[in-house]
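Notes follow once the structure below has been shown.
Predicted model only: the values in this text are computed from it and were never measured. For the numbers below, each heavy atom of this structure counts, side chains included, while hydrogens, waters and symmetry mates do not. Below, chains carry the letters A, B, ... as their sequence lines are ordered, and counting in each starts from 1.
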Amino acid sequence: MLKTEDAERSAPHATETPTDPTPASLEFSSVGLDPVLQRAVADQGYTTMTPIQAKAIPHVLAGRDIMGAAQTGTGKTAAFSLPLLHKMLRHENASMSPARHPVRALVIAPTRELADQVAANIKGYAAHSKLRVAVVYGGIDMKPQTLELKQGVEVLVATPGRLLDHIEAKNCVLNQVEYVVLDEADRMLDIGFLPDLQRILSYLPKQRQTLLFSATFSPEIKRLAESYLQNPLLVEVARPNATATNVEQRFYSVATDDKRHAVLKLLKDRELSQAIVFVNSKLGCARLARSFERDGLRTNALHGDKSQDERLKALDAFKAGSVDVLVATDVAARGLDIADLPAVFNFDVPFNAEDYVHRIGRTGRAGASGLAVTLVTREDARLIGDIEKLIKKKIELEPLELDDAPPPRAYRERSRSEAPRSEAPAAPRAAERSAPRRPPGDPFFDRPYEPNPSAGEPSWEKAAPPVPVRGLSPNIKPKKRVAALFGAKLPEPQQETETN
DNA sequence: AAAAAAT
C-alpha cells in the first residue's frame with residue numbers, strides 16, 4: 001500500500017472495466033469502510049488507496065467474483081482483505097450457532113512465509129475488531145494450530161497441504177465459508193497445486209464469493225480460473241505480467257563460472273547494502289550461500305529443504321538487516337514484502353518467465369526504486385526470449401567487465417562486528433590492483449527476440465488488450481482443460497494411493 | 001534443466 005505522496009508516482013495504466021464503480025476519490029475514507037477498519041488503516045499511516053485497491057474494493061464490497069491483476073508491491077492484500085473484513089463486520093451471520101465457530105473467510109497462499117505475512121497483514125487490519133484471524137501451514141507442530149482452530153476463527157489463512165490435514169482431522173469447519181481468496185492465483189492453479197486446491201474447494205459451499213489475485217496471469221490460467229468463478233470481473237490496473245517501472249532491469253551476459261564474481265562486483269560497484277540472489281535449485285542455493293559466506297558476506301540460504309524454523313529465521317534476519325545477502329530459491333519469489341530492498345539478482349534465469357516478474361517484484365515495492373540484475377549465459381537465450389515476450393520490454397544484453405583476479409578475498413577481512421550494514425562491502429583489493437586483462441566480453445548471442453508487428457506481435461509500448469472474462473464453457477471439465485493446457489499428464493490417481 | 005506444498 002502506498003502512502004499519500006507515493007500514490008501519484010505509480011499512476012494506473014487503467015484498463016477500464018465497463019461496470020466499474022470508481023470510488024469518488026482515492027481516499028480510503030471514500031469507500032465507506034467500517035470505522036474499525038478505517039482506524040486500523042490509519043494506524044499504519046495509510047490514507048490513499050493504490051490503484052488496485054481503488055478499483056477492486058468497490059467490486060468486492062458489491063459481492064462480485066474477481067480476478068485481480070496488478071503489479072507486484074502495490075497492495076493486493078489490502079485490496080481483498082479490507083472489503084472482506086468490512087462485509088464480515090456488517091453481516092453477522094445470524095444463522096450460525098455461537099457454539100460453533102465456522103470459518104467465514106479462507107485465504108490460500110502458495111508458500112508458508114507468504115501465508116504468514118498475509119495473516120499478519122490481515123491481523124493488523126482486524127486489530128480493532130473482534131474478528132479472529134489464524135494461519136496454518138506445514139513444517140511446524142500441528143497442535144497449537146489445532147487448538148486455535150477449535151477455539152474458533154473467522155478468517156483462516158493457509159497453505160494447501162496443512163489445510164487439508166486440518167480439514168480431514170475435522171479441526172475446522174469449512175462448510176460455511178462465504179469468501180475464498182487465492183493469493184498468487186496463477187501459482188495456486190498450476191499443475192503442482194491444482195489437485196490439492198480442487199480437494200479444498202470441494203469442501204466449500206458452492207455459494208460463495210471467490211477472489212483471485214496475482215501480478216501474473218497467462219491467458220490459459222485466466223481461462224482455467226473462470227471455471228472457479230461465478231460471473232467474474234477482471235480487475236486490472238496494469239497489463240498483467242507488467243514489471244514495475246521503478247525497477248531498473250539489467251541483463252549481463254557472463255560465463256557460468258563468472259557468475260559469482262559478477263555478483264560480488266556488482267554488489268560493490270552499485271554500493272548495495274542488501275540483495276536477494278535467486279537461484280534455480282536448492283542445492284545451488286546452499287552452495288552459493290556457503291561460497292558467499294567464505295567471501296565474508298553475511299549470508300543466509302532460504303529454500304524448501306531447510307527446517308521451517310531456519311526459514312523463518314533467515315527471512316527475519318534479512319528483514320532486520322543482520323544479513324546482507326539472502327540466497328533463495330523461488331520459495332521467496334512471490335509476495336514477500338521486504339521493505340526497502342535495494343536489489344534482486346537472478347543468479348540463474350528463472351525457468352518460468354512469470355517467476356522473473358515475481359522475483360524482481362521483491363524490490364521497488366510501494367513506489368521505491370530498485371535494481372534487478374539478471375546474469376545470462378549462452379544456454380539462457382530461450383528463457384530470455386520468453387521473458388521479453390512476457391513483459392513486453394526490449395531486453396538489452398550487456399557485457400560485464402570482470403577483473404581477471406580471482407573473486408575478491410578482501411570480503412573476508414571485513415569483520416562481522418565492525419562495518420555498519422549500510423556501508424558497501426569492502427573493496428576487493430586484489431581486484432583493484434590488477435588491470436582487467438579480459439576484454440569487455442561481447443554478448444554471447446544475438447537478440448533473442450524482436451517483435452514483428454506485421455506478424456501481429458505486440459510492440460514494446462503498446463500493451464496487449466485486456467482479455468475479457470467470459471462465462472465458463474460447461475462442456476469442458478476443468479481437469480481435462482488443465483491437461484490440455486499443459487500438454488502434460490495429471491498425476492495418476494493410483495500414484496496417490498501408492499504412497500501409503 | 002526446478003521449486004513449492006503434508007509427514
Side-chain angles (χ1 to χ4, degrees), chain A residues 106-118 135-143 145-146 149 157-172 182-201 203 214 216 256 259 276-289 301-308 310-312 314-315 326-336 346-359 362 375-386 486 488 491 495-500:
Chain A
L106 177 64
V107 181
I108 307 174
T111 68
R112 298 164 183 173
E113 286 76 9
L114 184 56
D116 222 19
Q117 174 186 301
V118 168
V135 58
V136 298
Y137 51 74
I140 54 175
D141 194 356
M142 216 165 147
K143 278 185 231 113
Q145 297 176 356
T146 303
L149 289 173
V157 185
T159 51
R162 180 55 65 90
L163 177 60
L164 282 167
D165 268 359
H166 282 297
I167 293 173
E168 276 148 24
K170 304 236 188 297
N171 295 336
C172 55
L182 303 189
D183 201 8
E184 305 297 341
D186 59 330
R187 168 61 78 242
M188 302 310 306
L189 292 170
D190 88 8
I191 199 81
F193 274 113
L194 198 66
D196 276 356
L197 190 69
Q198 285 176 324
R199 254 172 75 210
I200 291 167
L201 294 178
Y203 288 100
S214 185
T216 53
T256 304
K259 282 182 176 183
I276 296 186
V277 179
F278 281 104
V279 294
N280 284 354
S281 75
K282 290 181 277 202
L283 186 61
C285 179
R287 282 181 178 159
L288 186 62
L302 176 58
H303 59 74
D305 277 353
K306 295 217 142 199
S307 72
Q308 195 51 35
E310 286 175 304
R311 282 169 59 164
L312 291 173
L315 193 57
L326 185 66
V327 184
T329 60
D330 280 326
V331 70
R334 284 172 173 259
L336 296 185
N346 291 307
F347 191 85
D348 298 325
V349 182
F351 291 127
N352 299 317
E354 281 85 5
D355 288 330
Y356 173 81
V357 174
H358 289 279
R359 284 180 178 185
R362 296 319 99 219
L375 302 179
V376 184
T377 69
R378 60 174 76 238
E379 290 78 37
D380 300 324
R382 198 179 53 80
L383 299 175
I384 294 296
D386 291 347
F486 293 88
Q495 282 184 335
E496 284 193 21
T497 49
E498 263 172 22
T499 56
N500 302 352

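A:Asn352 comes within 4.0 angstrom of a nucleotide base, judged by non-hydrogen atoms across all strands. Note on A:Arg334: nothing from the nucleic acid sits closer than 4.0 angstrom, heavy atoms only. Residue A:Gly304 is classed as a sugar-phosphate contact, given heavy-atom separations below 4.0 Å to backbone atoms only. As judged by a 4.0 angstrom heavy-atom cut-off over every strand, A:Asp330 is placed among residues making no nucleic acid contact.
A salt bridge links A:Lys259 with A:Asp348: the closest approach of a Lys/Arg side-chain nitrogen to an acidic carboxylate oxygen falls below 4.0 angstrom.
One finds no side-chain N or O of A:Arg199 lying less than 4.0 angstrom from the OP1 or OP2 phosphate oxygen of B:dA6. OP1 or OP2 of B:dA1 has not a single side-chain nitrogen or oxygen of A:Ser281 nearer than 4.0 Å. The side chain of A:Arg112 contributes an N or O atom lying less than 4.0 Å from OP1 or OP2 of B:dA5. Not one side-chain nitrogen or oxygen of A:Thr159 sits closer than 4.0 Å to the OP1 or OP2 atom of B:dA4.
Between the P atom of B:dA2 and the CD atom of A:Glu379 lies a distance of 15 Å, rounded to the nearest Å. Rounded to an integer number of Å, the gap from A:Arg162 CZ to B:dT7 P is 4 Å. Look at CG on A:Asp348: it is 15 Å from P on B:dA1, rounded to the nearest Å. With rounding to whole Å, A:Asp190 atom CG is found 16 Å from B:dA2 atom P. Rounding to whole angstrom units, CG of residue A:Asp196 and C1' of B:dA6 are separated by 8 Å. For A:Ile200 and B:dA5, the CD1 to P distance is 13 Å, given to the nearest whole Å. Taking atom CD on A:Gln198 and atom P on B:dA5, their separation rounds to 20 Å, with Å as the unit. Per the geometry, NZ belonging to A:Lys282 stands 10 Å off P belonging to B:dA2, to the nearest Å.
The heavy-atom pair separating A:Asp165 from A:Met142 by the smallest distance is CB-CE, 3.5 Å. For the pair A:Gly138 and A:Thr159, the tightest heavy-atom approach, listed with the atom from each and the gap, is N-OG1, 3.9 Å.
The listed nucleotides are B:dA1, B:dA5, B:dA3; the one nearest the side chain of A:Phe351 is B:dA1. The A:Tyr137 side chain lies nearest to B:dA6 when the options are B:dA6, B:dA2, B:dA4. When each of B:dA1, B:dA5, B:dA3 is scored by its nearest atom to the side-chain atoms of A:Arg382, the top-ranked nucleotide is B:dA1. For A:Asp165, the side-chain atoms get nearest to B:dA6 when compared with the rest of B:dA5, B:dA1, B:dA6.
Under the 4.5 Å side-chain criterion, counting only non-hydrogen atoms from C-beta, A:Gln145 is in contact with A:Ile140.
Remark: the backbone N or O of A:Ala158 is not paired with any side-chain donor or acceptor of A:Arg162 at under 3.5 angstrom.
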